[in-house]
Amino acid sequence: MKPYLKEHAWSIIEEGFNKTNHEISESVFSIGNGHMGQRANFEETYSGSSLQGSYMAGVYYPDKTRVGWWKNGYPEYFAKVLNATNWIGLNIVINGEPLDLHTATVKNFKRELNMKEGYLYRTFIATLSNGNELKVEATRFVSFAMKEIGAIEYLITPLNFDGTAEISSYLDGDIINSDANYDEKFWTGITQTAEGNRAEVTVKTKKLDFVYTAMKETHVYLDSKAITPRSVNTREKYAEVVFDAPLKEGVTTAIYKYAANVTNRDHQTDALTTVATDRLNAAVALGFAELKDAQKQAWAKKWQDSDIVIEGDVSAQQGIRFNIFQMNQTYTGEDARLNIGPKGFTGEKYGGSTYWDTEAYCLPFYLATADQEIPRNLLVYRHNHLEKAKENAAKLGFTKGALYPMVTMNGEESHNEWEITFEEIHRNGAIAYAIYNYVNYTGDQAYIGERGIEVLVEIARFWEERVHFVPRKGVYMMHGVTGPNEYENNVNNNWYTNRIASWTLEYTLEALAHLKASDPDRYQTWINQLNLTTDETTKWKEIIEKIYYPTVEDLGVFEQADNFLDKEIMTVDQLDDKHLPLNQNWSWDRILRSCFIKQADVLQGMYFLNHKYDLATIKRNFDFYEPMTVHESSLSPCVHAILACQLGYKEKAYEMYLRTARLDLDNYNNDTEDGCHITSMAGTWMSVVEGFGGMKVIDNQLYLNPFIPGQWTSFSFKIVFRGARLMIRVTQDNVEVTNETNVDVTVNIHNEAYPLTANSTTSVAQ
Ligand code: BGC
């Protein structure tokens, strides 16, 4: 598909209305504030193809599993975030004719996602079949300052006529997920009321009793004169306030719609109407302009902490800002019950559920750009699900330990393909690794004693039971697994899974030793509570020592899994282009038998455990596996980009970076209409900061080893490290680090230590 979005450093811009791109734009131009989110549907009626999407974080439904062939151990439900009440709707009828861009003649259409200030703007001129021509300008946002508030300004200017607009400002709770296993409606109506210029719709999920109240107030003005509503109407799950607004040629009629969206996740069910009334009163009292100004301030703070500036390449600049914008819209971290769905609030695919993507790809972004509490809450989320993870392991026949689900909302497994649900168990390792990553970056060792150790021990116990000893060979092995590379299923001894398992055991033992030395009382309390025996820890040591790692000695590389080298080994460039992407052109059988790799696998291990391998080992493995990798998971290229940077493979690093940076803006995978690839956006951030910036934390020290792609004049990024906010600017000639705070910090640039006192700058030649 031809890219159709305009390049701009701070905005995503679409000019001209092309219906075939509409659903892609609905995803790309989505807005969110961590509490709720909205696809970029039009406020007014649109009779063309569209996926209406309005989502409240954490409000989900257990949709009954649908599989062809049931296997014992499958979950009964797939928990999915629900498409919910449409609160943006405005039906507008001009002199008897509906305003509908599917039927009207449209010109001067422009849609803009203003990332700097956090709002969506749209303008167009429409000519209706009765000849009436009008200009519309619509602005909306979901507020960061008032999380439960969404606000819309909708301006109509008749260009060649006078008359009347019938404006119905409505709430519609009669919504169905496009992704519903049995085409079932998930919401039942509770109440709907409308009076004066207010309306309320309260709906409840058919299972789990989530209750959601949407309450809105609408104001219509002609030339600053308020118009009173003509009527109100309700029916089940629906409420509207209708205005007859006079229209005068050349004079703007303004509609303001404020909506409070509250749920019983955050409030008592019987208080929802009162809370919504309070929130709405506060929003209306502030007014649209002030709310919008507060939005701008909130985004200024976000950009201050997380912006990346790329000079000399607007397309790259726009790409990275879009990714940072979406990450900040999706997860704000105040609520440890929430997590990051692979599509965020931009679509329904993946059910808004949590995957290992969070720990493996998203955590680093929040570690480096947000207050410590925010990434910590991502760990707390898994700690809160520990009991469920233990139940999950028990359900699969383990006598102890915890197996975190592949896909989850509330801690229970939702996924239902045996080769993934039961076998892609490396995810457990990523959850342990996230604890290490968090402690390593923040220095918050206390987390281990507070919660981390419990998760580590239970994951370690799972690995202990999941491996088996092979007396004939004197080694521990792990059979029947699927590694990160899902293009090879049900393999024995996936190198990455074996490695992350034994690493978990190593780290758990280290964490226990550290806790024992630093806080013996707490250590003892945990030992008692977990009933951890020396038999267990002794066994862990033995597994670490004797675990089997498939290796190809003559090539000096780790073997992705047993017998991988017995496959027909080829590189991607030996394939004719017509075969790619494999997942759209080859049978699953052919994919599984081939050597082609969907996403980083051995190299995922080289990335996570980078500090354990020397450069020569990383290079040999990279040189061997990179040419076989098709990157058909959007999560893959970032890991390759980071390793390519470390190895000085400049061209490769840039090529990999480009594959992730504008994935949705340019709709590379031809699937953006389903929603944006939110979790892989975090990977793009990693490519810049950990790849081009070469950022690492080793032994409480910050290291930067930057290199700059030849295509860029400079790039700069912000990180927060141990209380100091740093701006790192890299040009072709030097690296400049500015400490923007009052906290002293030492930074190692190209392995040389530079003390950076408060508010100072250090410059080092590249
Ligand atoms: C990837 C997984 C990932 C999932 C959700 C799959 O295509 O292979 O690694 O967790 O998508 O993003």
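Note that ligands are numbered from 1 as they come in the structure, with each ligand's atoms numbered from 1 the same way. What you see is a predicted model; the values in this text were computed from it and never measured. Starting from 1, each residue takes its place in the sequence as its number.
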(message) For a 4.5 angstrom cut-off between non-hydrogen side-chain atoms, does Thr504 reach Phe462?
(response) no
(request) Considering heavy atoms of the protein only, find what lies nearest to atom 1 (C) of ligand 1 and give residue, atom and distance to 0.1 Å. (result) Gln599 OE1, 3.4 Å
(request) Kindly indicate whether the side chain of Tyr649, heavy atoms from C-beta on, has any atom under 4.5 Å from the side chain of Asp623. (result) yes
(request) Around atom 11 (O) of ligand 1, find the nearest protein heavy atom and jot down its residue, atom name and distance. (result) Tyr350 OH, 3.8 Å
(message) Between Tyr436 and Tyr433 (judged by ring centroids, cut-off 6.0 Å), do the two rings come close enough to count as a pair?
(response) yes
(message) Below the 3.5 angstrom mark, is there an N/O of Thr679, backbone or side chain, next to an N/O of ligand 1?
(response) no
(message) Testing Ser50, Ser54, Ser30, Ser27 one by one against Arg39 for a side-chain hydrogen bond (donor to acceptor under 3.5 Å, both in side chains), which residue passes?
(response) Ser27
(message) Counting neighbours of CG on Asp577 that are heavy atoms of other residues, nucleotides or ligands and sit closer than 6.0 Å, is the number greater than 12?
(response) no
(message) Please check whether Tyr355 reaches ligand 1 - meaning an N/O of the residue sits under 3.5 Å from an N/O of the ligand, judged on distance alone.
(response) no
(request) Take every heavy atom of Lys598, measure it against each atom of ligand 1, and state whether any distance is under 4.0 Å. (result) yes
(request) Could you list which atoms of ligand 1 come closer than 4.0 Å to a heavy atom of Asp357? (result) 3 (C), 5 (C), 10 (O), 12 (O)
